[in-house]
Amino acid sequence: MSKDKNYWLYKSEPDAWSWKDQVAVGAKGIAWEGVRNHLAKKNLMSMRKGDQGFFYHSNEGKDIVGIVEVVREYYPDPSAEDGDPWVVVDLKAIKPLPKPVTLAVIKAEPTLAKMSLVTSARLSVQPVTAAEWKIICTMGGV
DNA sequence: GCCAACGTTGGC
DNA sequence: GCCAACGTTGGC
């Protein structure tokens with residue numbers, strides 16, 4: 001496992017949990033609950049305190065709206081059934097993107113064509129490369 | 001262990 | 001609201 005900072009992308013339907021909700025939680029952060037996919041779980045377990053990630057609104061908006069940071073590394077998901085092996089990390093909101101980056105824009109950008117967001121549309125917690133991170137931050141006005 | 005049926009996610 | 005992609009379940 002690398003010591004470098006890693007980057008991630010978290011998907012949420014704004015109806016269920018929006019960027020606004022995330023911001024309202026404040027600096028303490030809150031558990032990212034409900035991941036029930038083994039690849040997503042593996043990603044959660046790879047995260048280190050201080051890793052940053054994009055907050056993506058699926059379904060409504062379909063855009064990256066903000067940046068979050070891991071404040072607590074993985075621990076058992078309190079919302080999981082007893083004995084189920086699912087995990088969460090705690091995330092806090094860092095800042096919004098001045099200009100949200102939409103899925104349409106990402107798809108239209110050749111350098112982002114290999115993003116998990118494009119190639120594995122249904123994965124809810126995805127890795128983002130340092131290169132992709134930079135490009136999207138620039139596009140988002142960060 | 002294979003694979004068809006089924007359920008869910010999420011873009012359109 | 002539809003449907004493609006894909007994960008899960010269950011019969012054999």
Side-chain angles (χ1 to χ4, degrees), chain A residues 1-2 4-26 28-142:
Chain A
M1 217 147 300
S2 161
D4 294 336
K5 186 189 277 189
N6 289 304
Y7 300 101
W8 309 95
L9 181 144
Y10 308 85
K11 287 206 262 187
S12 185
E13 297 191 28
D15 278 354
W17 184 253
S18 71
W19 171 248
K20 229 175 90 189
D21 296 324
Q22 184 73 44
V23 169
V25 167
K28 270 194 300 187
I30 192 169
W32 193 258
E33 289 185 347
V35 169
R36 295 296 181 270
N37 171 287
H38 290 284
L39 190 51
K41 178 193 168 194
K42 184 179 148 273
N43 290 334
L44 288 176
M45 293 179 74
S46 304
M47 292 175 189
R48 292 296 167 258
K49 204 173 167 181
D51 278 1
Q52 297 197 333
F54 291 126
F55 192 106
Y56 174 79
H57 277 164
S58 64
N59 254 319
E60 261 178 72
K62 278 163 286 178
D63 51 4
I64 293 169
V65 290
I67 291 173
V68 291
E69 182 176 311
V70 176
V71 291
R72 182 177 170 191
E73 293 179 12
Y74 76 92
Y75 58 99
D77 186 339
S79 73
E81 307 266 323
D82 280 352
D84 280 356
W86 305 110
V87 302
V88 295
V89 297
D90 284 1
L91 297 178
K92 71 169 177 184
I94 298 290
K95 58 185 164 189
L97 263 61
K99 295 188 298 171
V101 178
T102 66
L103 180 62
V105 166
I106 289 169
K107 282 187 161 171
E109 173 54 51
T111 54
L112 297 175
K114 290 218 177 91
M115 269 192 86
S116 297
L117 194 61
V118 179
T119 60
S120 325
R122 287 187 51 194
L123 184 60
S124 60
V125 179
Q126 317 182 340
V128 172
T129 68
E132 292 160 354
W133 181 264
K134 249 180 135 171
I135 294 167
I136 290 170
C137 281
T138 302
M139 290 171 119
V142 174

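For the numbers below, each heavy atom of this structure counts, side chains included, while hydrogens, waters and symmetry mates do not. Below, chain A is the first sequence line, B the second, and so on; all start at residue 1.
A:Y56 has its OH atom 9 Å from the P atom of B:dG10, to the nearest Å. For A:M115 and B:dG11, the CE to P distance is 13 Å, given to the nearest whole Å. Look at CD1 on A:I106: it is 11 Å from P on B:dG11, rounded to the nearest Å. Between A:I64 atom CD1 and B:dG11 atom P the separation is 12 Å, expressed in whole Å. Nucleotide B:dC12 holds its C1' atom 11 Å from the CG atom of A:L103, rounded to whole Å.
Ring centroid separation for the pair A:W17 and A:H57 does not come in under the 6.0 Å cut-off. The aromatic ring centres of A:Y10 and A:W32 sit less than 6.0 Å apart.
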If the sugar-phosphate is the primed atoms plus P, OP1 and OP2 and the base is the rest, what is the B/S/- string for nucleotides 2-9 of chain C, using protein heavy atoms under 4.0 Å? ---BBSS-
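A:W19 and A:A93 make their closest contact through CH2-CB, 3.6 Å (heavy atoms, listed as atom of the first residue, atom of the second, distance).
Donor-acceptor pairing under 3.5 Å is lacking for the side chains of A:S46 and A:N43.
Using a 4.5 Å cut-off on side-chain heavy atoms (C-beta onward), A:I106 and A:M115 make contact. Residues A:D90 and A:E73 have side chains not in contact (no heavy-atom distance under 4.5 Å, counting atoms from C-beta outward).
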